[in-house]
Amino acid sequence: MTKINRPRGTYDLFPEELTRWQWAEQIARDAFEEYGFSEIRTPIFEPTELFSRSIGKFTDIVEKQMYTFKDKKGRSLTLRPEATASAIRAYLEKGEEQLPKRFYYLGPMFRYDRPQKGRFRQFYQIGVELFGVEHPGADCEIILLLSELFQRWKLKDFEIQLNSLGCSICKEKYSKALFDYLKGTSLCEDCEARKQKNVLRILDCKNKICRSAIEKAPKITDYLCEDCSLHFEKVKDYLHHLKIPYSLNPHLVRGLDYYTRTVFELFLPELERGIAIAAGGRYDNLIEELGGRKTPAIGFAIGVERLIANLDSSEKKKSPLYLAFLGEERILKEVMKLAQRLRRNKIPLIVNYKARSLKSQLHQADRLGSKFVLIIGPEEFEKGTVILRDMKDSSQTAVKKENLIEKIKDKI
RNA sequence: GUGAGUGUAGCUCAGCUGGUUAGAGCGCUGGACUGUGGCUCCAGUUGUCGCCGGUUCGAAUCCGGUCACUCACCCCA
């Protein structure tokens, strides 16, 4: 039979790697709870329209990266490419509750894209959403939380880039100004198209032609209305006050159309070609656009694969005990009974069932990383004892079965 | 979507410009060591040479196509 392989852009996680994932996830969960965020889990697929309406019809994500399919009744469904829209949908569907609301989530997202380093078709995001606080303190708190997380993950060397896109009026005004400014300048093919559909994205283009065209272009922060400008000043002020370093990047826009006012991205310097490892921003119009009341909101998402790839702490998994036996069936049965007793006392262990040389059993225990091995052979069987072998220093003692649990418990 | 590189044993890879039995290390199993791992030595074990087609007396090797993986562009977290 021919082997079946995993789909392109996906990967399998084995126990060795998962200990790092679990470590990182636990740190995130703890931090979120401390900041008053609670977990939310939403479906992995949603009506296609949820994403086309929120992310923006002319974004790459919606135009060419979604896993969209029809179910048996002909409904168009899409594997979620991100989670903000889902969180809002869930919040609205349950019935808008008292604000503010703080959610966090953790789970796989899906984008049909050519895989490469740090980019997968199924990838994990950890993120938070805060609904219902317009105050710039919320922006600061969200960025503080993000930076706190990276410190706890022992990645102190990050850079947070910050910008403000303003409200829809500022955005509109600036878009026009930028459009006018770019009239007559030649841009790359993609940006020529963006000019019509979404001018702001040109700021983000890495093409040399566009970069030089943009260099002297008006800055969006000069086009903010009084409220938005004040809001942005406050955010920066609070960040200073809390000593959270950031750098301003007036070219920072996001790939999703729903952002307003504060936007930010987090980079690690070691990461070549500057891909963001986490990003987020405010989306004050989105909840309304998805059918709710007008509700200010802000959030971020972290790319977990990119995060894990930068962790160096290799948390060691503790290995179970290994039960070896010598002789025939009745001794194995004795071992199985013993295993049952030990497990009931919460001692993790692995039983060897195959009657093979003690040498090979110890070899296996060594490979598995067991710190201790229990051995029962005919001799021990007769005497009602068990040999407890410490793999580290090769010392071993014969222990009466009755005392075994105690003995093991203070050793491990 | 565009471009480049790579597909040979479970893993990492060698195999020069085509030549007959396709190799090494690691791993795995066993032995030296009759009930004691990690070191050493010895033996054994493992292959549609990614797939399809072409050139040739002969293809892992050359050519075309195809698929997969990796990396970069693009995009994004």
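Labels below follow one simple rule: chain letters A, B, ... track the order of the sequence lines, proteins then strands, and each chain is numbered from 1. Both backbone and side-chain heavy atoms feed into the values below; hydrogens, waters and symmetry mates do not. Note that the coordinates shown come from a computational prediction; the quantities given were computed from them, not determined experimentally.
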* Asked: When all nucleic acid strands are considered with a 4.0 Å heavy-atom cut-off, which category describes A:Y112: base, sugar-phosphate, or nothing?
  -> nothing
* Asked: Within the modelled atom types, does a donor on one side and an acceptor on the other bring the side chain of A:R306 and the base of B:rC76 under 3.5 Å apart?
  -> yes
* Asked: So what does A:R201 hit on the nucleic acid, given a heavy-atom distance under 4.0 Å: a base, only sugar-phosphate, or nothing?
  -> sugar-phosphate
* Asked: Cut-off 3.5 Å, side chains only: do A:E289 and A:S54 have a donor facing an acceptor?
  -> no
* Any N or O donor-acceptor pair linking the side chain of A:E63 to the base of B:rC75 at under 3.5 Å? -> no
* Salt-bridge test for A:E134 and A:R261: reply yes if a basic N is under 4.0 Å from a carboxylate O, no otherwise. => yes
* Asked: CZ/A:R389 to NZ/A:K371 distance, rounded to the nearest 0.5 angstrom?
  -> 15.5 Å
* Rounded to the Å, how far apart are A:D60 CG and B:rC76 P? -> 6 Å
* **Stacked cation flag A:K183 on A:F179, 6.0 angstrom / 45 deg** => no
* To do: For A:D113, answer base if it contacts any base atom (sugar-phosphate contacts may also be present), sugar-phosphate if it contacts only those atoms, and nothing otherwise; contact means non-hydrogen atoms under 4.0 Å.
  => base
* Asked: What distance, rounded to whole Å, do you find between the two C1' atoms, one in B:rU6 and one in B:rG50?
  -> 11 Å
* Asked: Roughly, in whole Å, what's the span from OH in A:Y104 to P in B:rA77?
  -> 22 Å
* Ion pair present between A:R20 and A:E17, side-chain N to carboxylate O less than 4.0 angstrom? -> no
* To do: For B:rC62 versus B:rC49, give the span between their P atoms, rounded off to a whole number of Å.
  => 16 Å
* Structure fact -> For A:A28, the side-chain contact (heavy atoms from CB on, under 4.5 Å) test, sequence neighbours excluded, returns A:F32, A:I126, A:L149, A:W153
* Write down the distance between CZ (A:F300) and P (B:rA77), rounded to a whole number of angstrom. => 13 Å
* How far, in whole Å, is B:rA9 from B:rG23 if one measures between their C1' atoms? -> 10 Å
* To do: Answer yes if the side chains of A:T78 and A:T68 hold a donor-acceptor pair under 3.5 Å, and no otherwise.
  => yes
* To do: Can you check whether any acceptor in the base of B:rC75 is under 3.5 Å from a donor in the side chain of A:R119, or vice versa?
  => yes
* Could you check whether A:A278 gets within reach of a base, just the sugar-phosphate, or nothing at all, counting any heavy atom under 4.0 Å? => sugar-phosphate
* Rounding to the closest angstrom, what is the interatomic distance between B:rA24 and B:rU70 at atom C1'? -> 25 Å
* **Partner nucleotide, any strand, of B:rU29 [Watson-Crick/G-U, under 3.5 Å]** => B:rA43
* Across all strands shown, which nucleotide pairs with B:rA24 by Watson-Crick or G-U wobble geometry, both distances under 3.5 Å? -> B:rU12
* Asked: Expressed as a whole number of Å, how far does the C1' atom of B:rC67 sit from that of B:rC51?
  -> 7 Å
* Asked: When the nearest nucleotide of RNA chain B is assigned to A:I302 and to A:R367 on a heavy-atom basis, which residue is associated with the more 5' position?
  -> A:R367
* Structure fact -> Whole-Å distance, A:F264 CZ to B:rC76 C1', equals 16 Å
* Structure fact -> dist A:I347:CD1 -> A:L321:CG (nearest 0.5 Å) comes out at 7.0 Å
* **A:R356-A:Q364 side chain donor-acceptor pair, cut-off 3.5 Å** => yes
* Nucleotide-resolved protein contact map, nucleotides 30-37 of chain B, B/S/- at heavy-atom distance under 4.0 Å -> S-B--BBB
* Structure fact -> When rounded to whole Å, the CD to P distance for the pair A:Q361 and B:rU29 reads 11 Å
* Asked: Side-chain N or O of A:Q116 less than 4.0 angstrom from OP1 or OP2 on B:rA72?
  -> yes
* To the nearest angstrom, how far is A:E129 atom CD from B:rA77 atom P? -> 12 Å
* To do: Working to the nearest 0.5 Å, report the span between NZ of A:K409 and CG of A:L342.
  => 9.5 Å
* Rounded off to whole Å, could you give me the NZ-to-P distance for the A:K64 and B:rC75 pair? => 8 Å
* Asked: Using the P atom in both, what is the distance from B:rG10 to B:rU46, to the nearest Å?
  -> 11 Å
List every contact pair, protein side and nucleotides 67-69 of chain B side both N or O, where the distance is under 3.5 Å.
{"unit_1": "B:rC69", "atom_1": "OP2", "unit_2": "A:R8", "atom_2": "NH1", "d": "2.3"}

* Base-pairing assignment for B:rG64 (Watson-Crick or G-U wobble, both under 3.5 Å) -> B:rC52
* Same-atom distance (C1') from B:rG47 to B:rG3, integer angstrom -> 33 Å
* Does B:rU70 have a Watson-Crick or wobble partner in any strand here, with both distances under 3.5 angstrom, and which is it? -> B:rA4
* Grab the CE-C1' distance between A:M109 and B:rC76 for me, whole Å please. => 13 Å
* Asked: Taking the inter-plane angle between the rings of A:F110 and A:Y67 on a 0 to 90° scale, is it parallel (under 30°), tilted (30 to 60°) or perpendicular (over 60°)?
  -> perpendicular
* Asked: What distance, rounded to whole Å, do you find between the two P atoms, one in B:rU66 and one in B:rC28?
  -> 42 Å
* To do: Classify the ring geometry between A:Y11 and A:W21 as parallel (under 30°), tilted (30 to 60°) or perpendicular (over 60°).
  => tilted
* Select one nucleotide: of B:rG27, B:rG1, B:rC76, the one nearest the side-chain heavy atoms of A:I275. => B:rC76
